2 protein chains.
Amino acid sequence: MTLPQAGSEGVAARVPRSIPEASVARLAVYLRMLGELAEQGADTVSSEELAAATGVNSAKLRKDLSYIGSYGIRGVGYSVSALVHQLERALGLNHRQAVALIGVGNLGHALAGYGGFGGRGFPVTALFDVDPDLVGIHINGILVEHVRAIGDTCRERGITIGMIATPGPAAQGICDMLVEAGVRCILNFAPVVLQVPDEVEVRKVDLAVELQILAFHVARKRLVAESPETEASLAVPATDVDVVPPPDAQTNGHPVNSTLNGGMR
Amino acid sequence: MTLPQAGSEGVAARVPRSIPEASVARLAVYLRMLGELAEQGADTVSSEELAAATGVNSAKLRKDLSYIGSYGIRGVGYSVSALVHQLERALGLNHRQAVALIGVGNLGHALAGYGGFGGRGFPVTALFDVDPDLVGIHINGILVEHVRAIGDTCRERGITIGMIATPGPAAQGICDMLVEAGVRCILNFAPVVLQVPDEVEVRKVDLAVELQILAFHVARKRLVAESPETEASLAVPATDVDVVPPPDAQTNGHPVNSTLNGGMR
DNA sequence: AGCCGCTTGTGAAGGCACGCACAAAGTTGC
DNA sequence: GCAACTTTGTGCGTGCCTTCACAAGCGGCT
């Protein structure tokens, strides 16, 4: 998912034609699949094949690729190696991106040890935490420093991306430090919405939200399964179990909304 | 497309109307923020306040909330407790969702220990792995079972959501087992695109992709910073560092694309 | 009681993304 | 060298999502 949210606006005037955000996300997926294909010795691949392997429409795939230029050969397909190279260039992977990870607790520790990053051009180069028990230890050969060193270390090592895996309440403060240190792209795992200047890009990964979205679908499927064919009703699971008791009507005696149930005309 | 509204009025809360996927994702965010507000003792909250706190447009927020019914009070705002309750109902959180986690390696172990799940109504109820060193141990009081037990255990414990945190190559097989066991919603952390029947819902969380998207923005920002106001050219970062050497021009000497830059404009 | 100010709910418009379908361009076979 | 076939690149229609802007509704003040 993927909420564009804060700060992605405002520069609109200066960004006349860029690659659509949705396409960028897919380009990364294509790139990985191409890597696998290359390992398997594939020389070329058609949009149809690549689309099937990545689960998208082939026309969409071609349009995505067209944003980075025309590197296909009509009648044949795409050269795997050439396409890999162009994708890496377009995604900025030809520059090494040093990553800092703040918060080496439960999730952070796993992220620090996650092989999927370094292997794909994102070496985690710095680790930070506040916990005295963690500061000073090494994880995967990297020293955990105290967060107060964020500014100096990030500047020193040319950190371009920060990953925040702290508890929610600490996240904004850490974020401010990163921004202060010149980091302009942040991946936020903490369950808060970070406030940042316009020029800073924040992406949020919220595991609890992902589960809640799934829960919504579980409920929806349950309804569809139970209710006999009310095809219009894959909406709000107004479950029988729940008779909508005013949570605590005492809070304020306001009528639960007299206009029966929400002014749907 | 505007609300046909089948006649289910009179009774409380029956809103037959599908909620846009994008809205569902935001509803979950609103819900968390409302939880915090409730803790802080807030009685009511206006769309403007809640929108600011969650980083969205207030009109969008109101429209999102309108999908689950009209529970606001004009001139005042929304009752925090009432809204929390309605959101929980709409998201299906009034039913307990048992979660199974497959793959207790690096990332999986962290997910198993992540407090953010159980605390939000998603108790991780079953753990699976293939590694003999892991099968049999307990994590957070939960026994790690062998994946071959997936079918029986999931049915037995009424698992509704599966989280796959295995290495890529193993994911599809695990996925098939889950589907076979009746699980209809899957959160996939493995870097592969899962093939599932239509009735199964899969959400993918791909950390490497998230970083690559950020890397793209890093490159874009770098361009903007370096190039002095070249309005049209921040589409594809054709960086100087990279002179686009045909990775292996031998494949075919096809022209690298004369139409500069993908026929934009 | 009646008016005023505040906030919701939503119609309508604009923008973006998706997917179809086809022309262009390249390859293969004869 | 030509025809048939394959696959790319993209113009265009469609539908969803976002945003604006405002009427309707509600509480408070006089």
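Protein chains get the first letters and strands the later ones, always in sequence-line order, with residue 1 at the start of each. Any value given below was found using the heavy atoms of this structure, including those in side chains, with hydrogens, waters and symmetry copies removed. What you see is a predicted model, and the numbers here were worked out from it, not measured in a lab.
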Quiz prompt | Integer-rounded Å distance: dG26(C) P and Arg62(A) CZ | solution = 16 Å
Quiz item: Should Glu21(A) and Arg26(A) count as an ion pair when the cut-off is N to O under 4.0 Å?
Solution: no
Practice problem: Nearest whole angstrom, please: distance from the P of dG9(D) to the CD of Glu48(A). | Solution: 14 Å
Self-check item: Non-hydrogen side-chain atoms of Tyr78(B) and Val84(B) separated by less than 4.5 Å
Solution: no
Self-check item: Residue met sooner reading DNA chain C from 5', once Gly75(A) and Tyr78(B) are mapped to nucleotides
Solution: Tyr78(B)
Quiz item: Donor-acceptor pair, Asn57(B) side chain versus Leu61(B) backbone, under 3.5 Å?
Solution: no
Exercise. Find the distance Leu50(A):CG to dT8(D):P and express it as a whole number of Å.
Key: 10 Å
Quiz item: Are side-chain heavy atoms of Val56(A) and Leu50(A) found at a separation under 4.5 Å?
Solution: no
Quiz item: Any side-chain N or O of Lys63(A) under 4.0 Å from OP1/OP2 of dT10(D)?
Solution: no
Quiz prompt | Nucleotide dT6(D), atom P - distance to CD of Glu49(A) in whole Å | solution = 13 Å
Quiz item: Atom CG of Leu65(A) to atom C1' of dA17(C): distance rounded to whole Å?
Solution: 16 Å
Exercise. Return no unless some side-chain N or O of Ser46(A) is found under 4.0 Å from OP1 or OP2 of dT7(D).
Key: no
Quiz item: Just checking, is any N or O donor in the side chain of His95(A) or Glu88(A) under 3.5 Å from an acceptor N or O on the other one?
Solution: no
Quiz item: Can you tell me how far NZ of Lys221(A) sits from CD of Glu201(B), rounded to the nearest 0.5 angstrom?
Solution: 5.0 Å
Quiz item: What is the distance from CD1 of Ile73(A) to C1' of dC5(D), rounded to the nearest Å?
Solution: 17 Å
Self-check item: salt bridge (Lys or Arg N to Asp or Glu O under 4.0 Å) partners for Glu48(B), two or more places apart
Solution: none
Quiz item: Quick one: is dT10(C) close enough that its OP1 or OP2 comes under 4.0 Å of any side-chain N or O from Arg74(B)?
Solution: no
Quiz item: Is any side-chain N or O of Ser66(B) closer than 4.0 Å to OP1 or OP2 of dG9(C)?
Solution: no
Quiz item: To the nearest Å, how far apart are Tyr71(B) OH and dT8(C) C1'?
Solution: 15 Å
Quiz item: Taking only N and O in the side chain of Asn57(B), is any of them less than 4.0 Å away from OP1 or OP2 of dC20(D)?
Solution: yes
Quiz item: Bend angle of the helix from dA1(C)-dT30(D) to dC30(C)-dG1(D) from five-pair axes at both ends, rounded to 10°?
Solution: 10°
Exercise. Whole angstrom is fine here: how far is it from CG in Asp64(A) over to C1' in dG19(C)?
Key: 12 Å
